[in-house]
Amino acid sequence: MNKYRTHNCNELRKDDLEKDISLSGWINKKRDHGNLLFIDLRDNYGVTQCIIDKENKNFLDLEKTQLETVIKIQGKVVSRLEETINKDIATGEIEVVINTFQILGNCKELPMPVFSDQEYAEEIRLKYRFLDLRRKKIHENIILRSKVISFIRSEMTKIGFLEFQTPILTSSSPEGARDFLVPSRLNPGKFYALPQAPQQFKQLIMISGFDKYFQIAPCFRDEDARADRSPGEFYQLDLEMSFVEQEDVFNVVEKLLVNIFKKFSTKKLMYENFPKITYSDSMLKYGSDKPDLRNPLIITDITEIFSRDDVSFEIFKKLVKSGSRVRCILTKNTKDKPRSFFENIDKWAKGLGASGLAYFTFEKEKNLSAKGPIGKFFSEQALTEIMKKINAEVGDSIFMACDKKSDLEKITSLAREKIGQDLNLIDENIFAFCWIVDYPMFEKDEVTNKIKFSHNPFSMPQSDLNEKELENPLDILAFQYDIVCNGIELSSGAIRNHKPELMYKLFSIAGYNKNDVDEKFSGMINALSYGAPPHGGIAPGIDRIIMLLANEKNIREVTMFPMNQNAQDLMMRAPSEVSVEQLKDLNLSLKNKK
RNA sequence: GGGGGUGUAGCUCAGUUGGUUAGAGCGAUCGCCUGUCACGCGAUAGGUCGAGGGUUCGAGUCCCUUCACUCCCGCCA
């Protein structure tokens, strides 16, 4: 028999009455009645109430023992009186009468309480992460994460995917995020980079003939943090398949996600077959390529209305003449909303730096009219036309914005969220997944005005790039796709370009000549010329999936040992300075500090 | 790199228009209490009000600088 325990702290039930048992765990809570002491003993599995009174010679010692001390108790299981049963814990029908106890691990005065629902400053939580992780909610989050990951492994393996590890020390890639660099001792002056993703390796695995690959892959990017973005490192379910089209990848991932979310959440799925929305549709209807489909509001372009003679809203008309567009959001049956509702949204938009949101409500007594400060600028015929265009009924309202396309997308997207929230239209108990497809291969850099890859340079274009298409590279679409859930981008993927000639063509559009490509992607381009299968894949973000399942807004709540916003580990004190000897080994010298 | 928020006891927070000795709850220490499950009651200790400078007769409070944490923008193929 194990010397620490016969049972864990979530095991004892009425069936165990009168048994002599031992438990080990942390003192979660003490309730000291002077001559009678209750101790809630906690371990990973649960809590058991233990009790001791002054007749016992150990009473005074136990009474003095600090919370969070690790103890072993030995005693007898007894039933609780009917009125003292605790229904909130699984072991609540029994308690353990302590005979002897032993301290296994002492505990100093705590810098933060463990047994509390209070929120604490991030700094102290991260410094004492081992204490923070004892707390219920985050402890459960981390267990959930473990379970989801094993579930993914078993599901993927079941359908024929093989899990492979790829190198952590690899080479720096020219595109994308900043790399983390590791100096090479054996190759003075040269550096490894930590992989931003195993992108090239997984393609090489396909070219090596392995057919279906996955990995719970660590990815390293040296970029600034956000609430849903760890600084430094994060995990992806990286996967790749050979001889597949877009639909094949969709089928695998859609089924997997449906299974995960059904198994690990009680929230409903809005769609089990994820709708596919083209990038251009998404940008128009939602103003974003990560739409929250729980929100029923839709954006419509009504620019043409403002070239009518019977519309006299001159501010918009002028802007439209100089190339701006007008888009609107329709809200159903909002005629009885107070004026403050409309004004607040207009004010909110102005606060964001936009020129505000014009609004009115469709009304009809004898004639159709528009109620609101700008209603008088629209004729009855123009209003009828708008209603037809956006499918509105009397009693509905619209909010309109006028701007250049990209600014217009931004403001309408934010307005859609804001109005959705204000009208309480978003059901928090739903997951709404969708695919965003048909991404453009290229986009124009707003600063330099140069053409650049909009996503992944290794994606397959949807055409062979004949002369005519090459003239308008911004119109070239790629077999490139994203999964979005509740407005959060979960992953992006693509059918890859496995034809070197096509690759050179695409890179030349983005301003790289053949030599550049050969040099920067030598491993890839070389491999592609030795018989590469058509292949594609995707890489859903594990951390964000867990965030959705655990209903957390911050990625640190689902990460065991996260860094803070400045990419420091306050517990391990990373990053740290290194010795002169270490630097010398690496052929590095530091510039003098300020 | 830029913008917002926060910083007062070990923890969570209050602190009025600038005005006497900076408070509460939890935790700690001591005492009382045999049925609690956020046990209860009483007492004690615990403070560079993030740091530095300024205004003022007087600053936790006003001003300037700076640091830390956090959220956002940029960035994240």
Side-chain angles (χ1 to χ4, degrees), chain A residues 28-42 47-56 59 63-64 66-68 78 80-89 91-92 95 97 107-128 131-132 173-179 196-197 199-200 219-234 351-353 410 414 439 441-443 445-447 452-459 478 480 489 492-494 506-507 510 512 520-521 539 541 553-554 556 563-566 568 570:
Chain A
N28 194 49
K29 192 73 193 166
K30 285 195 295 189
R31 288 175 296 280
D32 188 351
H33 291 235
N35 294 314
L36 176 73
L37 172 66
F38 295 97
I39 292 211
D40 290 341
L41 197 67
R42 181 197 77 237
V47 172
T48 302
Q49 174 165 286
C50 305
I51 185 166
I52 188 168
D53 70 16
K54 68 171 179 192
E55 304 303 320
N56 189 304
F59 179 79
E63 198 182 26
K64 278 190 309 205
Q66 294 261 358
L67 294 182
E68 292 306 307
V78 302
R80 296 203 202 180
L81 294 172
E82 188 65 36
E83 61 270 26
T84 62
I85 285 174
N86 184 349
K87 288 186 184 116
D88 297 332
I89 57 174
T91 58
E95 62 194 5
V97 176
C107 180
K108 296 199 284 188
E109 189 180 339
L110 294 165
M112 56 178 273
V114 169
F115 177 69
S116 166
D117 291 329
Q118 223 154 37
E119 298 198 21
Y120 307 107
E122 210 66 35
E123 202 171 353
I124 195 150
R125 292 183 60 194
L126 293 181
K127 185 169 175 194
Y128 296 96
L131 291 178
D132 193 32
S173 63
E175 300 262 328
R178 262 180 229 107
D179 284 316
Q196 294 181 20
Q199 179 63 36
Q200 295 193 52
C219 304
F220 305 91
R221 295 176 193 177
D222 188 4
E223 295 293 349
D224 290 357
R226 288 288 183 280
D228 64 350
R229 213 166 77 198
S230 295
E233 53 190 83
F234 61 97
L352 289 176
K410 268 175 215 157
L414 291 169
Y439 274 83
M441 192 81 214
F442 298 101
E443 64 187 17
D445 189 307
E446 279 184 27
V447 181
K452 62 175 192 181
F453 288 106
S454 64
H455 268 66
N456 185 327
F458 301 128
S459 297
Q480 165 93 42
E489 184 190 321
S492 64
L506 291 166
F507 269 98
Y512 298 84
K520 285 171 176 162
F521 305 100
K553 294 239 167 356
N554 195 296
R556 287 186 296 269
M563 297 200 282
N564 70 8
Q565 193 173 41
N566 297 319
Q568 299 159 340
L570 299 177

Between protein and nucleotides 1-10 of chain B, what N or O pairs are separated by less than 3.5 Å?
from, atom 1, to, atom 2, distance (Å)
B:G10, O2', A:Pro111, O, 3.0

Touch class at under 4.0 angstrom, heavy-atom based, for A:Asn566 against every strand present: sugar-phosphate

Residue A:Ala227, side-chain atoms from C-beta onward, closest of B:C71, B:C37, B:U29: B:C71

Sugar-phosphate, base or nothing in reach of A:Arg556, heavy atoms under 4.0 Å: sugar-phosphate

Return all side-chain donor-acceptor pairs below 3.5 angstrom for residues 219-226 of chain A, not counting sequence neighbours, or 'none' if the list is empty.
from, atom 1, to, atom 2, distance (Å)
A:Arg221, NE, A:Gln196, O, 3.1
A:Arg221, NH2, A:Gln196, O, 3.2
A:Glu223, OE1, A:Arg178, NH1, 3.1
A:Glu223, OE2, A:Arg178, N, 2.9

Aromatic ring pairing A:Phe507/A:Phe521, orientation class (parallel under 30°, perpendicular over 60°, tilted between): tilted

Side chain to side chain contact (heavy atoms under 4.5 Å, CB included) partners for A:Glu68, two or more places apart: A:Trp26, A:Asn28, A:Arg42, A:Cys107, A:Leu110, A:Val114, A:Arg134

5' precedence on RNA chain B between A:Gln196 and A:Gln49 (nearest-nucleotide basis): A:Gln49

Presence of salt bridge, A:Asp132 and A:Arg125, under 4.0 angstrom: yes

Sugar-phosphate only, base, or nothing, as touched by A:Asn554 at under 4.0 Å among non-hydrogen atoms: sugar-phosphate

Sugar-phosphate only, base, or nothing, as touched by A:Glu122 at under 4.0 Å among non-hydrogen atoms: sugar-phosphate

Nucleotide pairing, RNA chain B (Watson-Crick or G-U, distances under 3.5 Å), in dot-bracket with [ ] and |: (((((((..((((.....[...)))).(((((.......))))).....(((((..]....))))))))))))....

Under 4.0 Å protein heavy-atom contacts per nucleotide of nucleotides 39-44 of chain B, with B for base, S for backbone only and - for none: B-----

Set of ring-ring contact (aromatic ring centres under 6.0 Å, His included) partners for A:Phe59, sequence neighbours left out: none

Closest-nucleotide 5' rank along RNA chain B - winner of A:Leu570 and A:Asp88: A:Asp88

Touch class at under 4.0 angstrom, heavy-atom based, for A:Phe38 against every strand present: base

